[in-house]
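Computed from a predicted structure; not experimentally measured.
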Amino acid sequence: MAISAINGNNIIQDALLDTVNTAKVEKDNRTAFDSLLSSAINMYRTADDLQNAAEESEINFSLGYATSTHDLAIAQQKANIALQYTVKVTNKALEAYKELMNMQL
């Protein structure tokens with residue numbers, strides 16, 4: 001029994017290349033990068049604000065100004081989730097950057 005090669009791969013490959021070549025980027029690269037950078041900075045600011053609010057909540061609770069443990073737990077959980085999300089997004093961005101830098105042209 002002989003195994004023959006599959007023919008016709010060039011048709012699929014040519015169709016994919018035509019699709020990729022005709023795709024155009026609609027946005028300006030500077031605008032896209034600017035919006036990405038500003039959203040990342042806002043994400044860091046939000047995480048920092050939530051960390052500060054949780055710390056303030058802890059201080060108020062320890063000094064006796066606040067008696068609700070629920071509010072304290074909510075503030076801590078919000079800060080924790082925001083920090084975890086920020087770290088994961090940062091790690092993914094660094095991973096993508098390293099992958100781009102390792103590409104050979």
Side-chain angles (χ1 to χ4, degrees):
M1 170 161 85
I3 299 175
S4 61
I6 298 175
N7 294 328
N9 285 342
N10 292 338
I11 297 170
I12 297 171
Q13 186 177 9
D14 292 341
L16 289 175
L17 287 176
D18 288 341
T19 310
V20 171
N21 289 336
T22 57
K24 294 181 181 178
V25 178
E26 297 296 328
K27 290 194 171 222
D28 184 23
N29 287 338
R30 291 182 190 173
T31 307
F33 182 75
D34 184 41
S35 65
L36 178 68
L37 186 62
S38 65
S39 67
I41 290 171
N42 287 337
M43 180 180 62
Y44 282 110
R45 285 184 183 153
T46 303
D48 187 45
D49 291 343
L50 288 171
Q51 290 288 332
N52 290 338
E55 185 177 340
E56 183 179 333
S57 196
E58 290 170 0
I59 291 170
N60 287 337
F61 184 77
S62 64
L63 292 176
Y65 297 135
T67 57
S68 176
T69 57
H70 298 290
D71 292 337
L72 175 62
I74 289 170
Q76 288 175 336
Q77 191 64 27
K78 281 182 181 179
N80 186 23
I81 290 171
L83 182 63
Q84 287 178 357
Y85 179 73
T86 304
V87 168
K88 287 188 181 199
V89 169
T90 303
N91 288 343
K92 285 293 182 180
L94 287 174
E95 184 180 313
Y97 174 76
K98 287 178 184 178
E99 187 174 332
L100 284 173
M101 296 310 294
N102 287 333
M103 283 184 172
Q104 294 181 1
L105 298 176

Worksheet, complete the sentence: Output for pair (Leu72 CG, Ser62 OG), nearest 0.5 Å, gives 9.0 Å
Fill in: Rounded distance [0.5 Å steps], CD in Gln76 versus OG1 in Thr69
10.0 Å
Response to the item:
Correct closest heavy-atom pair for Ser57 and Asp71 would be OG-O, 4.2 Å
Worksheet item: Taking atom NZ of Lys92 and atom CD of Glu99, what is their separation to the nearest 0.5 Å?
Response: 10.0 Å
Worksheet item: Rounded to the nearest 0.5 Å, how far apart are OH of Tyr85 and OG1 of Thr90?
Response: 10.0 Å
Worksheet item: Are any non-hydrogen side-chain atoms of Asn80 and Gln84 less than 4.5 angstrom apart?
Response: yes
Worksheet item: Is there a donor-acceptor pair under 3.5 Å between the side chain of Gln51 and the backbone N or O of Ala79?
Response: yes
Discussion item. Would you compute the distance between atom OG1 of Thr46 and atom CD1 of Ile41 and round it to the nearest 0.5 angstrom?
Written reply: 11.5 Å
Practice prompt. Determine yes or no for a side-chain-to-main-chain donor-acceptor pair under 3.5 angstrom, with Asn42 supplying the side chain and Ser38 the backbone.
Written response: yes
Discussion item. With heavy-atom distances below 4.5 Å as the criterion, would you say the side chains of Ile59 and Glu56 are in contact?
Written reply: no
Worksheet, complete the sentence: Distance col, row Ile81:CD1 vs Thr86:OG1, nearest 0.5 angstrom, shows 11.5 Å
